[in-house]
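I have placed the structure first, in the form of structure tokens, so that the comments after it can refer back to it.
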Amino acid sequence: MFTILAQDPVVRGPGGELVFARVAVPLETLSIGPTGYRLKVVDFNASTNRLYEAHNYATDADGRIVDPYAVPNTGGVRARRRFENDVLADPKFHSQNTYAIVMRTLGRFEHALGRRIGWGFDGHQLHVVPHAFVDANAFYSREDRALVFGYFTGVDGERVFTCLSHDIVVHEATHAILDGLRAGFMNESGPDQAGFHEGFADVVALLSVFSLKEIIALALTGTDSLPVRTTDGIRLIDGNRLSAQALADGILFSLGKQFGQQLDGLRANALRQSLKIKPSRRLLQTEAYNEPHSRGEVFAAAMLRSMLELWLRRIKELGTFGPGMYNLDAVIAEGAKVADQLLTMAIRALDYCPPLDLEFGDYLAALLTVDSEVAPDDSRYGYRETIQKTFASYGIDPPSARTESDGCWKPFTAHDQTQYHKTNFDSMLRDCEEVFRFLWENRALLNVDDQAYTQVISVRPSVRFGPDGFLLKETVCEYTMKANIFGAEITAVCGIKRPAGIETTTRLTVYGGGTLVFDPYGRIKYHIQRPLSDGAWQEKRIQYLLEQGLIGAQEPDVNPFAEVHRLRASAARNQDSASKPEVNA
């Protein structure tokens with residue numbers, strides 16, 4: 001167990017104290033840094049050319065690591081204040097905070113998916129740099145195999161460290177993990193895929209924060225909008241103040257404003273922005289939501305509104321104390337439980353997504369399908385019904401041609417036409433070559449283009465437990481198809497007329513791919529595909545790339561995450577400066 005800041009130094013308890021949390025991370029023997037089997041903290045500041053002293057953890061008699069930053073329970077207010085001041089000023093605590101949050105995030109992904117997760121680069125250890133530079137930015141770099149965190153002077157003159165913000169650390173860790181799970185999501189494709197990395201990272205970050213009871217408790221009791229009274233030792237809260245709008249406007253909205261006070265736009269206050277977005281089925285068709293991070297906010301809004309609705313459903317199952325009064329501690333527990341469960345569902349959905357060219361509707365179908373596999377009985381709280389309805393209110397629907405009436409992917413049914421006997425399923429559990437053999441033998445049935453360059457990207461056995469103890473064993477395989485062509489070949493390869501703006505000599509690359517989900521007996525359960533021959537999609541993708549100037553242009557030498565976060569901060573600051581009077585220094 002490691003001590004971390006539950007959110008960031010701006011968020012304080014009722015007495016003005018910092019809000020700490022103790023979190024569990026995967027058990028391992030740490031080296032100096034801290035350095036473990038998946039992370040290597042290297043605290044080098046490139047702006048000042050300074051290498052901070054690394055931390056070397058002591059162990060107790062049982063060989064367990066001793067947490068040097070456990071919050072003292074004695075000594076009074078003054079001792080607590082001294083402890084807090086020392087911790088905030090200690091670079092070694094910054095390293096522990098960052099290490100523990102990244103490892104907790106990785107652990108959540110591996111628990112949800114039922115397997116180990118590799119990084120999106122060659123190697124086993126991700127470098128983490130808590131004080132990388134002086135700048136209001138933080139990002140993941142595949143080329144550097146690193147998460148880098150900046151620091152800067154905040155709006156009140158205080159130094160602000162992004163490595164001390166729980167949701168920033170989780171956001172960046174999610175970029176790195178998602179790159180290892182779905183490297184194809186980094187490709188230029190369409191507006192939804194461009195926004196998904198940002199939106200999904202925000203969702204994981206915010207659900208991770210709200211899965212901590214300390215934050216839910218602070219959200220409910222740290223504002224004047226929700227008075228609390230005590231009866232017979234039970235803290236009670238008025239149920240009339242627990243509507244979805246009240247939670248959004250009075251609790252989570254207020255806490256979201258606190259999250260963004262010091263950072264002045266670094267995250268563009270993702271929680272607050274998302275909850276301000278009113279549902280509309282036309283949102284994603286408007287110009288304002290074509291930019292990646294704003295489009296990602298619509299995705300985050302749908303997930304967070306789903307969390308609120310599901311929380312309310314669970315609250316209604318609780319008994320009341322007197323006229324409409326609820327046990328506050330039970331309400332807190334239900335909120336943290338919903339956030340944790342929705343986080344698990346969100347992560348598991350990745351396995352049921354196509355390996356590239358993702359749209360929000362594809363992800364929604366994946367989420368509904370994987371949850372129906374793990375938790376077939378959804379009658380009590382109606383998670384899937386609520387999620388589908390909320391996403392629909394933002395104009396996000398499962399692709400109707402490829403899904404059932406409940407929004408789940410259509411199952412694979414052509415078993416009598418499938419060649420199973422020419423491959424060894426035991427080998428297919430781990431061997432990309434065996435899976436490619438299976439694809440090749442069934443290329444006509446599975447719509448695999450034999451003229452394209454086809455590659456099996458991954459073979460991943462998974463074991464998952466549902467809420468009722470239901471065990472689900474599957475093998476998830478990804479493959480991609482790629483064809484480097486000239487404009488003159490578009491009709492022959494994609495079956496579409498050559499778009500305006502594409503010359504016969506224009507070089508471009510078209511992609512296809514799919515995800516195969518096998519049951520424990522080696523039979524296909526789902527084939528989730530984006531065919532290379534899908535003319536409608538290829539035309540849509542090419543048109544988007546033309547509009548973005550990405551066909552025929554030289555690849556920009558810039559980290560995509562660093563750039564989108566920089567633009568995100570810049571946009572937020574410009575918006576703030578436009579609404580504030582100028583002040584002469």
Side-chain angles (χ1 to χ4, degrees), residues 23-28 37-39 101-121 124 126 140 170-171 173-186 196-197 199-201 203-205 207-208 211 303 339-356 358 362-376 383-384 387 408-409 428-430 432 435 456-479 513-520 525-526 528:
V23 297
V25 301
L27 183 63
E28 62 175 327
Y37 74 108
R38 302 307 306 278
L39 301 182
I101 293 174
V102 175
M103 283 301 292
R104 179 177 184 258
T105 305
L106 178 62
R108 287 295 289 107
F109 272 79
E110 293 187 336
H111 173 75
L113 297 175
R115 62 173 184 272
R116 297 294 184 196
I117 297 173
W119 302 118
F121 49 80
H124 305 288
L126 175 71
Y140 160 64
V170 177
H171 180 106
T174 301
H175 280 314
I177 295 167
L178 186 54
D179 187 32
L181 286 168
R182 285 289 191 272
F185 289 177
M186 295 273 277
F196 181 76
H197 245 287
F200 184 76
V203 164
V204 174
L207 291 178
S208 178
S211 67
M303 291 292 285
D340 188 71
Q341 290 176 337
L342 195 55
L343 177 57
T344 298
M345 293 170 62
I347 293 169
R348 285 174 170 168
L350 295 172
D351 271 356
Y352 278 51
C353 288
L356 41 69
L358 181 74
D362 298 327
Y363 177 83
L364 175 58
L367 189 151
L368 297 172
T369 307
V370 74
D371 188 64
S372 69
E373 291 284 339
V374 178
Y383 273 51
R384 294 191 287 276
I387 291 168
C408 296
W409 292 121
M428 285 175 61
L429 291 174
R430 63 190 68 85
C432 290
V435 175
V456 176
I457 302 298
S458 66
V459 180
R460 295 164 172 155
S462 294
V463 179
R464 303 167 189 152
F465 287 92
D468 56 356
F470 181 78
L471 181 65
L472 179 66
K473 292 184 178 182
E474 295 175 331
T475 300
V476 182
C477 305
E478 301 168 77
Y479 67 92
T515 299
L516 287 167
V517 181
F518 291 95
D519 67 19
K525 291 175 65 176
Y526 299 99
I528 304 153

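Everything numeric here is computed off the predicted structure, so don't read it as measured data.
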First locate atom CE of M345, then atom CG of L342, and finally report the distance between them rounded to the nearest 0.5 Å.
6.0 Å

Within the distance-only criterion (no hydrogens, no angle test), does the side chain of W409 pair as donor or acceptor with the backbone N or O of I528 below 3.5 angstrom?
no

Contact between R182 and F200 at the side-chain level, heavy atoms closer than 4.5 Å - yes or no?
no

If I compare all heavy atoms of P26 with all of G107, which pair ends up nearest, and what's the gap?
CG-CA, 4.4 Å

Any donor-acceptor N or O pair under 3.5 Å, side chains E474, Y352:
yes

The reported gap from CD1 in I347 to CD1 in I177 (rounded to nearest 0.5 angstrom) is 7.5 Å

Test C408 against every option in D371, V370, T369 by the side-chain contact (heavy atoms from CB on, under 4.5 Å) rule and name the one that passes.
T369

Backbone N/O of I117 and side chain of E110: donor-acceptor pair under 3.5 Å:
yes

Any side-chain heavy atom of L178 within less than 4.5 Å of one from F109?
no

How far apart are the closest heavy atoms of F185 and P354, and which atoms are they?
CE2-O, 3.4 Å

Under the side chain to side chain donor-acceptor pair (under 3.5 Å) rule, what do S208 and R104 come out as? Steps first, then yes or no, please.
CA-CA 9 Å; S208 178; R104 179 177 184 258; 3.0 Å; yes

Please name all residues satisfying salt bridge (charged side-chain N to carboxylate O under 4.0 Å, His left out) with D340, sequence neighbours left out, ordered by chain then number.
R108

Please determine whether a side-chain nitrogen of the Lys or Arg among R38 and E28 lies less than 4.0 Å from a carboxylate oxygen of the Asp or Glu.
no

Identify the heavy atoms of V170 and A205 that sit nearest to each other, and give their distance.
CG1-CA, 3.4 Å

Rounded distance (nearest 0.5 Å) linking atom CG of L39 with atom CG of L126
6.0 Å

Using a 3.5 Å distance criterion without hydrogens, assess whether the side chain of E478 forms a donor-acceptor pair with backbone atoms of V459.
no

Minimal heavy-atom distance between A201 and T174, with the atoms involved, is CA-CG2, 3.7 Å

Where do A366 and C353 come nearest, in terms of heavy atoms and distance?
CB-SG, 3.8 Å

The criterion is side chain to side chain contact (heavy atoms under 4.5 Å, CB included); which residues satisfy it with R115, sequence neighbours excluded?
L113, L181, D351, R460, S462, R464

Are a donor atom and an acceptor atom from the side chains of D179 and Y140 found within less than 3.5 Å of each other?
yes

Determine, stepwise, if the pair K473 / F518 fulfils side chain to side chain contact (heavy atoms under 4.5 Å, CB included).
CA-CA 9 Å; K473 292 184 178 182; F518 291 95; over 6 Å; no

Would you indicate whether the side-chain heavy atoms of V476 and L516 approach each other to under 4.5 Å?
no

Can a donor-acceptor pair be found between the side chains of Y383 and Q341 at a distance below 3.5 Å?
yes

Are the side chains of I387 and L367 in contact, using a 4.5 Å heavy-atom criterion?
yes

Would you name the heavy atoms of V435 and C477 that are closest together and state the gap between them?
CG2-SG, 3.9 Å

Is a donor on one side and an acceptor on the other found under 3.5 Å between the side chain of W119 and the backbone of H124?
yes

Output, in order, the C-alpha distance, side-chain angles, deciding distance and verdict of side chain to side chain contact (heavy atoms under 4.5 Å, CB included) for L472 and V463.
CA-CA 6 Å; L472 179 66; V463 179; over 6 Å; no

Fit a plane to each ring of H175 and H171, take the angle between them on a 0 to 90° scale, and name the class: parallel (under 30°), tilted (30 to 60°) or perpendicular (over 60°).
perpendicular

Please work out which of the three classes, parallel, tilted or perpendicular, describes the rings of Y363 and F196, given edges at 30° and 60°.
tilted

Approximate separation, where rounding is to 0.5 Å, of H111 NE2 and R348 CZ:
6.5 Å

